[in-house]
Amino acid sequence: METSPSVEAVIELQSKIDDIFAGSSEQDLNTHTRFLRMMLGVDGSLPSPFVKLDASHPWLVFWPLNSLELVGSPASPEEKARAAETILQLQNPDGGFAGGVGQSSHVIGTYAAIMALSYGSPEHWARINVGKMYEWLMSLKQPNGSFITCEHGEADPRTSYCALAVATILNIVTPALTENVGEYIQSCQTYEGGYANTPLGEAHGGYAFCSLATLMMLKRDYPRYGLEKYCNISKLSRWLLRRQDPAAGAFNGRTNKLVDSCYSHWIGGCWPLVSQVLDVVDNGQLWNRQGLRDYLVKCCQFKVGGFIDKPGARPDAYHSNYSLCGLALAQHIYTLTGSVFDWTSQRVDVGPEKEVVPINPIFGIPTAQAVCMGTYFTPQTPSREEYQGFALYVSATVALLLFLAWSLVPQEWLHSINVVYFPSRYWAVAVPAFILVLMLYIYIGLDAYNKEVLTPSPTSLHTFTDIDTMVHDEPLSEVNKKMYS
Amino acid sequence: MKPWTEFDFSDVVPEHVAEIPGHLAQIAYPEHFKTVMGLFLPIYKAKERSERALALTYELIELNPAYYFVWDFRFEIVRAIGSDVFDYKLVGLTPSAPAQPETSEDGEFVNQFTLSKSKNYQIWNYRALLLDRHNELWYRGEKLIVSMVLEDDAKNFHAWSHLRWVITQSVKHAPQAFDAVQLLADCTALLLEDVFNNSVWAYRFFLLKTYPSLFDIDEELKLVTAHIASAPSNESAWSYLSGVLDDKASSTTAATSSAVQFALAFQDEPLALQFLAEHAQENVSTYYSLLAEKEPFAKSFWLAQVAE
């Protein structure tokens, strides 16, 4: 006959198991690799409860793949190729990407698909049907400037962000695509300063990030334009400031709600965007970087790997990715240097843990990664300056050759090829000689001018200094500076 | 409503649903799922709008409520076979027209699903898609469903969003559906229940903008200052106060100066200092300096506002 273990024994065993597997602790970031590789399904399928995420396959690939890169233990090139093949399988004939094989296209999944494909190679990128993608995105566009997620789907700033991020990376942004987008996003800013899913809604961290990033993508080469034109920066930045819990250090997504590690990206990610148009320079003390870092490192790391939303929860790929993005934001000050792809980052010391790879704050993937894919889809047409420089170089060379021919080639040879009309070669020597002598006179003249005109005479009042009061004459500009500035 | 197992699918060639070898993040599908999805995919591709297709959508939505393409297809089926009548028996209302037995079960499914999966994006969008008859009763029914969801989860973002959408639609298509004064009174009562519920404050602002005749700045001022006095650290209330005062259409300078007078009594509170800095006529830079002192983590930010 079997005997059941005593209640005490079960409780003790449970507490031991909890101690080993559950709970959060301050630990090395490398401890997450195993969990993330498991989530990526490198060596085996995800367990069957993941059927609940069967419409989110691009995300299932993107989150762990991106997390592994950020944490500094990237997937192998072979695994990245497998990821790209997985994603390309989801491309539909209409141009969009599906949430799973056999499903219809969805713009949120398409965003994750393109971001995951940034880990592929040009060989994979060539297989994206860019033309169809543009047509499909345009088919989702609504007259008010918003985009719907799919046929009969909902529209909110999330979809605007996903549509524009895809179009920006694939370089298919047109005035028709961005028409009214700024106005629509503007209409979603609430009285609190944040952004809601609809006009007159409740401000929410997720919609705030998507709205700001959308505005920055309105003009690829002038990202500040959208923020300057369509956003009440003052209200927004104050709302952002209040999202950080002074005690916990973490962000909440709405006023008077609980903190959650994913808002490290949704709210934390707003700071590098908005600080590009604030009057105050981000010197590392604009918001509480240390607080966010402490919350993520001390409270959100699950012992056996992965990040959790708050202590007591279970880890998942979503919170892992956005916690790591949060760390990348806390560890660096980001500065926009050109187009949406051009960001520089400066390291801020917030803790002893390793550096997370800096991200492009608009796309949420490593900076270099976004540049790489963006460059592939940007035809390499030379800029105006390059054309001008080349023309100048050619004409200068031709002028030099003509001068040399005129001055050095014997006259008979020139006559023999029927070149008879040219100035006397006397000038080929005389003009340079005149210039040289003129320069010499200028030097002598300047020297004389300094000595005879600018130098005051020894008896001039300007040369006196009263030794008691140290009062002496000064030029008017200096006087003005001292008295009025 | 007949379950999918009671329909005949012998004419359907099921699709093979399985993990793709070599691909990443594959899911070990349970057998039951493979069977249902295997039958659904060919029917979905053939756009077969039938009762049995509808039965399959129920099953799949139960397995994964986030199947947007199943919801979309379901909507098309319901449209085509005309079983799109909501049943508000659940919430104590009778439908305007007598519904067929199947359809009322269908409505019940949607209602039950809303209550159990209230954080799902698709269900709310689906309700909005079906709600195109512009019938007063339906709008009231939607509000009742929202109230039931909010009873369990008073800050449910989707439910609040749906409520705002329903009211906006009713204003356009069935103005008699709601009594605006009653809506505002209900909102006032909700604030008394939980003054920290930011969703209610946002909803109140929505109501005032949707029914501008309700917007009496002095009344709002009275209400919000009373709430601030009882809980001075409530960010929702301070934001709302700024919100109504900054609304050019309804606010007055007299209201602003009386609010500033009120806020002067709470200068220990950073939110009050921020309000004063934004709305007072004088000492603005002093308030910003005080804020920089009280909130050292945002020192640079507040000091930069002083310099402006």
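Everything quoted here is computed from the prediction, not taken from an experiment.
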Taking the ring of A:Y161 and the ring of A:F209, is the distance between their centroids below 6.0 Å? yes
If I measure from the heavy atoms of chain B, does A:D54 come under 4.5 Å with its side chain, its backbone, both, or neither? both
Identify which of B:S236, B:S242, B:G243, B:P296 forms the greatest number of heavy-atom pairs closer than 4.5 Å to chain A. B:S236
Can you say whether A:A98 sits under 4.5 Å from chain B via the side chain, the backbone, both, or neither, judging by heavy atoms? both
Can you tell which part of B:L291 gets under 4.5 Å to a heavy atom of chain A, answering side chain, backbone, both or neither? side chain
Would you call the rings of B:H158 and B:Y121 parallel, tilted or perpendicular, where under 30° means parallel and over 60° means perpendicular? perpendicular
Side chain, backbone, both or neither: which part of A:T198 has an atom under 4.5 Å from a heavy atom of chain B? side chain
Measuring heavy-atom distances to chain A, does B:E76 have an atom under 4.5 Å in its side chain, in its backbone, in both, or in neither? side chain
A:Y207, part contacting chain B, at a heavy-atom distance under 4.5 Å: side chain
Part of A:Q89 lying under 4.5 Å from any heavy atom of chain B: side chain
Say whether, by atom type as modelled, one donor and one acceptor occur between the side chain of B:E62 and the main chain of B:T57 under 3.5 angstrom. no
Side chain, backbone, both or neither: which part of A:R158 has an atom under 4.5 Å from a heavy atom of chain B? side chain
Given heavy-atom pairs under 4.5 angstrom as the criterion, report whether the side chain, backbone, both or neither of B:F33 touches chain A. side chain
Between B:I20 and chain A, with a heavy-atom cut-off of 4.5 Å, which part of the residue counts as in contact: side chain, backbone, both or neither? side chain
